[in-house]
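Treat the numbers as computed from the prediction; the structure is a model and nothing was measured. Numbering of ligands and ligand atoms starts at 1, following listing order.
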Amino acid sequence: MDRILVTGGAGFIGSNFVHHVVAHTDAHVTVLDKLTYASTEESLAGLPEDRVTLVVGDIAEPEVVEPLVAGVDAVVHYAAESHNDNSLEDPGPFIRTNVVGTFTLLEAARKHDKRFHHVSTDEVYGDLELDDPKRFTEDTPYNPSSPYSASKAGSDHLVRAWVRSFGVRATISNCSNNYGPWQHIEKFIPRQITEVIDGRRPRLYGDGLNVRDWIHTEDHSSAVLAILERGQIGETYLIGADGEKNNLEVVQAILRHFGRSEDEIEFVRDRAGHDRRYAIESGKLRNQLGWQPQYADFDAGLQATIDWYAANEAWWRPHKDAVEASYAAKGQ
Ligand code: NAD
Ligand code: DAU
């Protein structure tokens, strides 16, 4: 594949993928991104101009999407409204971008017969009990809880239908919670790191015992590239790195890093419909495509992420007050 269109390539995970493609292939990357509040355009700075082109535009607009899709060999679709809490406040943008945007891209991929990879989330499967021995597999029934996860589930179903009914050459991946540099400070780990840097108390929703299955964003990128290059058309692959931790453990680790007391944790109002636990069984990806995570030591990855936020305050500081004002208004 010589030319790849990456939607949402100025976001947290998409920008990491763009770096990964530039480092590990010879492909030219066109990024299509609307540059919403969540974009991290700075993360693309310094990439070679002859390898990466940024186009600012909306994936839900066919006149923007179609000529770009026509001009590449493959589309890797990351663009989304991505934050559960925001979807509970205002679901409309989630339906437009995640559902209508995916539909718009699929129609262009169908018309021009292009390879399509759809980046999705483990949240489409709902949640697991803390003591459930099962983990999510590719066969777990869909059961989304929030407007965000329902919109991603809807987009997955569109991709499956476009494969079956129209023969679009698509694959899907459903990944667990990513962490690493350039993640917006509205999200759990960067919010808590930057709260502690500011001398404030980290906030845990509910009892703090909800479990997420953490994966470093670099491992997500290598998995998506493996699927793009070697995945079977029409197949879904779950991406995970066996990183289950409850939220309390994560916040305790952040406080320890700064030499602060675990007593500082503040328990705040729970998220409506809060999923209890996510856990990924990624055997299909590992066995069929030979993928392995390279950053599976969560404690080491968390330390590096803390160091990155401490060193890159100029990037997140301009957004901090507005993010915290929005949480404070909700009692969180
Ligand atoms: P993000 O919010 O950091 O980035 C999303 C990017 O999409 C931003 O650059 C934004 O400007 C862009 N965008 C939003 N609406 C757009 C539109 N209408 N047109 C064009 N661009 C638009 O999100 P993220 O955390 O990097 O997630 C990227 C993808 O990965 C999403 O599809 C998400 O569902 C999926 N995913 C995320 C995680 C996670 O832990 N963050 C885990 C699994 C899957
Ligand atoms: O599982 C994959 C999903 O992971 C992705 O599809 C989403 O795009 C991504 O945002 C993430 O969703 P979560 O809802 O799991 O992530 P978030 O960072 O919002 O919250 C992680 C956990 O931390 C969750 O149990 C809620 C909790 N939380 C969150 C915040 C912001 C807190 O306890 N306190 C907080 O301040």
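Atom 19 (N) of ligand 1 has its closest protein heavy atom at I59 N, 3.0 Å. At the top of the distance list for atom 3 (O) of ligand 1, counting protein heavy atoms only, stands F12 N, 3.2 Å. Considering only non-hydrogen protein atoms, atom 10 (C) of ligand 1 sits nearest to T36 OG1, 3.2 Å. Ranking the protein heavy atoms by distance from atom 20 (O) of ligand 2 puts F188 CB, 3.6 Å first. Summary of contacts: the protein heavy atom closest to atom 5 (C) of ligand 1 is A80 O, 3.4 Å. Residue, atom and distance of the protein heavy atom nearest to atom 32 (O) of ligand 1 are K152 NZ, 2.7 Å. V119 CG1, 3.6 Å is the protein heavy atom nearest to atom 30 (O) of ligand 1. Closest to atom 39 (C) of ligand 1, if we only count protein heavy atoms, is I13 CD1, 3.6 Å.
Looking at Q183 next to ligand 1, no N or O pair under 3.5 Å apart turns up. Looking at T121 next to ligand 1, no N or O pair under 3.5 Å apart turns up. Polar contact check, W214 against ligand 2: no nitrogen or oxygen pair lies under 3.5 Å apart. Checking only distances, R96 never comes within under 3.5 Å of ligand 1, N or O to N or O. An N or O contact shorter than 3.5 Å links R191 to ligand 2 by distance. Below 3.5 Å of separation, one finds an N or O of N177 facing an N or O of ligand 2. At least one N or O atom of T97, backbone or side chain, sits closer than 3.5 Å to an N or O atom of ligand 1. Considering backbone and side-chain atoms alike, N177 places every N or O at 3.5 Å or more from each N or O of ligand 1. At under 3.5 Å, a nitrogen or oxygen of Y78, whether backbone or side chain, sits near a nitrogen or oxygen of ligand 1. The shortest N or O to N or O distance between N210 and ligand 2 is not below 3.5 Å. When only interatomic distances are considered, the shortest N/O to N/O separation between Y327 and ligand 2 does not fall below 3.5 Å. Residue R271 places at least one N or O, backbone or side chain, under 3.5 Å from an N or O of ligand 2. Between H220 and ligand 1, not a single N/O pair is under 3.5 Å apart. Ligand 2 has no N or O atom lying under 3.5 Å from any N or O atom of I189, backbone or side chain. The N/O atoms of Y148, backbone and side chain alike, include one that comes under 3.5 Å of an N/O atom in ligand 2.
Atoms of ligand 2 found under 4.0 Å from any heavy atom of L204, numbered from 1 in the order shown, are 33 (O). Residue-ligand proximity, Y278 to ligand 2, at heavy-atom distances under 4.0 Å covers atoms 1 (O), 15 (O). For ligand 2, the atoms lying closer than 4.0 Å to a non-hydrogen atom of K187 are 10 (O), 18 (O). The contact set between ligand 2 and D122, taken as ligand atoms under 4.0 Å from a residue heavy atom, comprises 1 (O), 2 (C). Taking every non-hydrogen atom of Q192 and a distance limit under 4.0 Å, the qualifying atoms of ligand 2 come out as 34 (N), 35 (C), 36 (O). Atoms of ligand 2 found under 4.0 Å from any heavy atom of E186 (numbered from 1 in listed order, with element): 31 (C). Here is the list of ligand 2 atoms found below 4.0 Å of a heavy atom in H83: 19 (O).
The only member of D156, T140, T236, T121 that meets side chain to side chain donor-acceptor pair (under 3.5 Å) when paired with N174 is D156.
Residues H112 and V72 are not in side-chain contact: their nearest non-hydrogen atoms beyond the backbone lie 4.5 Å or more apart. Counting only heavy atoms from C-beta outward, the side chains of N210 and Y205 never approach each other to under 4.5 Å. By the 4.5 Å heavy-atom criterion applied to side chains, L225 and F17 are counted as neighbours. The shortest distance between side-chain heavy atoms of I227 and W291 does not fall below 4.5 Å. With contacts defined as side-chain heavy-atom distances shorter than 4.5 Å, the pair V69/F116 does not qualify. At a threshold of 4.5 Å between non-hydrogen side-chain atoms, the residues S173 and H117 count as touching. Here the side chains of L248 and L209 are in contact, with some heavy-atom distance below 4.5 Å. Contact annotation: the side chain of Y125 never approaches that of T137 to less than 4.5 Å [non-hydrogen atoms, C-beta and beyond].
Residue P93 does not touch ligand 1, judged by heavy-atom distances below 4.0 Å. Residue contacts with ligand 1 for W182 are absent, since no atom lies close enough (heavy atoms, distance under 4.0 Å). The residue T40 has no part lying near ligand 1, judged by heavy-atom distances below 4.0 Å. Counting heavy atoms under 4.0 Å from ligand 1, residue H83 does not touch it at all. Here A60 has no heavy atoms under 4.0 Å from ligand 1, in either its backbone or its side chain.
Ring centroid separation for the pair W315 and W308 comes in under the 6.0 Å cut-off. Here H319 and Y37 keep their ring centres 6.0 angstrom or further from each other.
Rounding to the nearest 0.5 Å places CD of Q183 at 4.0 Å from CZ of F12.
Contact analysis puts H274 in contact with ligand 2, with a non-hydrogen atom separation below 4.0 angstrom. Distances from ligand 1 to the non-hydrogen atoms of G9 include no value under 4.0 Å.
More than 12 heavy-atom neighbours from other residues, nucleotides or ligands sit within 6.0 angstrom of NZ on K330.
Of the candidates T121, I13, V119, D275, T121 brings a heavy atom nearest to atom 2 (C) of ligand 2.
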request  = Output, in order, the C-alpha distance, side-chain angles, deciding distance and verdict of side-chain contact (heavy atoms from CB on, under 4.5 Å) for E195 and K320.
outcome  = CA-CA 9 Å; E195 281 297 85; K320 184 67 180 161; 2.9 Å; yes

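A donor and an acceptor atom, one from each side chain of S39 and D33, are nowhere located under 3.5 Å apart. A donor and an acceptor atom, one from each side chain of S155 and N98, are nowhere located under 3.5 Å apart. Checking D85 against Q332 by side-chain atom types alone, no donor-acceptor pair falls below 3.5 Å.
Judged purely by atom type and a 3.5 angstrom limit, N16 uses its side chain to pair as donor or acceptor with the backbone of T217.
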